[in-house]
Amino acid sequence: MTSKAMETIRCPACGSQQKIELYETINAMDDPGLVERLLAGEINLFTCASCEHRARVEAPLLFNDLKIGLKIQYFPAILLDKDPENLCKQYFGMMTEMKSFQKEFDFMAKSFRNQSIYIVFSMEEMVAQIKFRALLYKNKS
């Protein structure tokens, strides 16, 4: 399921604050157009209403595409230095949740039961992984 939240962001250029919508989870099956926006670098961007400064918001993002068998979690690399304990806590919580879900739906396809989460620390790597996995799926014989 695709999910998003409203967050208050302070513009790094002029300091004014505004609320923006940030994606937390993107489900490719829900909205293929949203996937295209992600691949084009148009997700979780901030444009200041006061000075028009544009910047990417460094916020975690989970991408899931059951069709190509990819679940990938982006964590901003800054979290490795800024808040490593919380990063580990989020990761372990995510893995526990996934194992529980897989156990509950054990009757489903083996590919679903064996799905793992790839962790990346840049949006560029997330986009590259999505493109690569889609290419592999398309060329699978």
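What you are looking at is a predicted structure, and each value in this text was computed from that prediction instead of being measured.
Residues Gln73 and Pro60 have side chains in contact (heavy-atom distance under 4.5 Å, counting atoms from C-beta outward). Between Thr25 and Asn64, every side-chain heavy-atom pair lies at or beyond the 4.5 Å cut-off.
Taken together through direct or relayed side-chain contacts under 4.5 Å among Ile, Leu, Val, Met, Phe, Trp and Tyr, Ile119 and Leu87 form part of one hydrophobic cluster. Under a hydrophobic-cluster definition in which Ile, Leu, Val, Met, Phe, Trp and Tyr are linked whenever side-chain heavy atoms come within less than 4.5 Å, directly or via other members, Tyr137 and Leu70 are assigned to the same cluster. If you chain together hydrophobic residues whose side chains sit under 4.5 Å apart, Val127 and Val120 fall into the same group. With hydrophobic clusters built from ILVMFWY side chains whose heavy atoms lie under 4.5 angstrom apart, Leu80 shares a cluster with Ile117.
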Practice task
Kindly determine whether Lys131 and Glu125 satisfy salt bridge (charged side-chain N to carboxylate O under 4.0 Å, His left out), including the steps that lead there.
Solution key: CA-CA 10 Å; Lys131 287 179 177 179; Glu125 179 64 15; over 6 Å; no
Problem - From CA spacing to verdict: side chain to side chain contact (heavy atoms under 4.5 Å, CB included), Met126, Phe121 - result: CA-CA 8 Å; Met126 176 180 247; Phe121 295 97; over 6 Å; no
Exercise for the section: Before giving the answer on side chain to side chain contact (heavy atoms under 4.5 Å, CB included), spell out for Cys51 and Ser16 the whole-Å C-alpha distance, their side-chain angles and the decisive distance to 0.1 Å. Expected result: CA-CA 9 Å; Cys51 72; Ser16 67; over 6 Å; no
Practice task
Please lay out, stage by stage, how Glu124 and Tyr74 fare under the test side-chain hydrogen bond (donor to acceptor under 3.5 Å, both in side chains).
Solution key: CA-CA 10 Å; Glu124 292 78 13; Tyr74 160 67; over 6 Å; no
Exercise for the section: May I have the step-by-step check of side chain to side chain contact (heavy atoms under 4.5 Å, CB included) for Leu61 and Ile26, ending in yes or no? Expected result: CA-CA 8 Å; Leu61 177 65; Ile26 294 176; 4.0 Å; yes
Exercise for the section: Determine, step by step, whether Lys19 and Glu7 satisfy the side chain to side chain contact (heavy atoms under 4.5 Å, CB included) criterion, reporting the C-alpha distance in whole Å, the side-chain angles of both residues, the deciding distance to 0.1 Å, and the verdict. Expected result: CA-CA 5 Å; Lys19 287 192 178 236; Glu7 297 287 334; over 6 Å; no
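Using modelled atom types, one side-chain atom of Gln18 and one backbone atom of Ala49 make a donor-acceptor pair closer than 3.5 Å. With hydrogens and angles ignored, the 3.5 Å screen pairs a side-chain donor or acceptor of Asn139 with a backbone N or O of Leu135.
Taking OG1 from Thr47 and CZ from Arg54, the interatomic distance works out to 4.0 Å, rounded to the nearest 0.5 Å. Summarising the geometry, atom OG1 belonging to Thr2 is positioned 4.0 Å from atom CG belonging to Asp30; distances are rounded to the nearest 0.5 Å. Between the CE atom in Met29 and the NZ atom in Lys67 there is a gap of 7.0 Å [rounded to 0.5 Å]. With rounding to the nearest 0.5 angstrom, the CD1 atom of Ile130 is 6.0 Å from the CD1 atom of Ile72. Note: Cys88 SG to Phe75 CZ = 9.0 Å, rounded to the nearest 0.5 Å. Annotation: the span from Asn27 atom CG to Lys71 atom NZ amounts to 8.5 Å, rounded to 0.5 Å.
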Side-chain donor-acceptor pairs of residues 36-45 under 3.5 Å, sequence neighbours excluded:
residue: Arg37; atom: NH2; partner: Glu42; partner atom: O; Å: 3.4
residue: Asn44; atom: OD1; partner: Tyr23; partner atom: N; Å: 2.6
residue: Asn44; atom: ND2; partner: Tyr23; partner atom: O; Å: 3.0

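Residues near Met6 contribute nothing to a hydrophobic cluster around it, because no ILVMFWY side-chain heavy atom sits closer than 4.5 Å to its side chain. Membership of the apolar cluster around Ile20 extends to Ile9, Leu22, Phe46, Val57, as traced through chained side-chain contacts below 4.5 Å between ILVMFWY residues.
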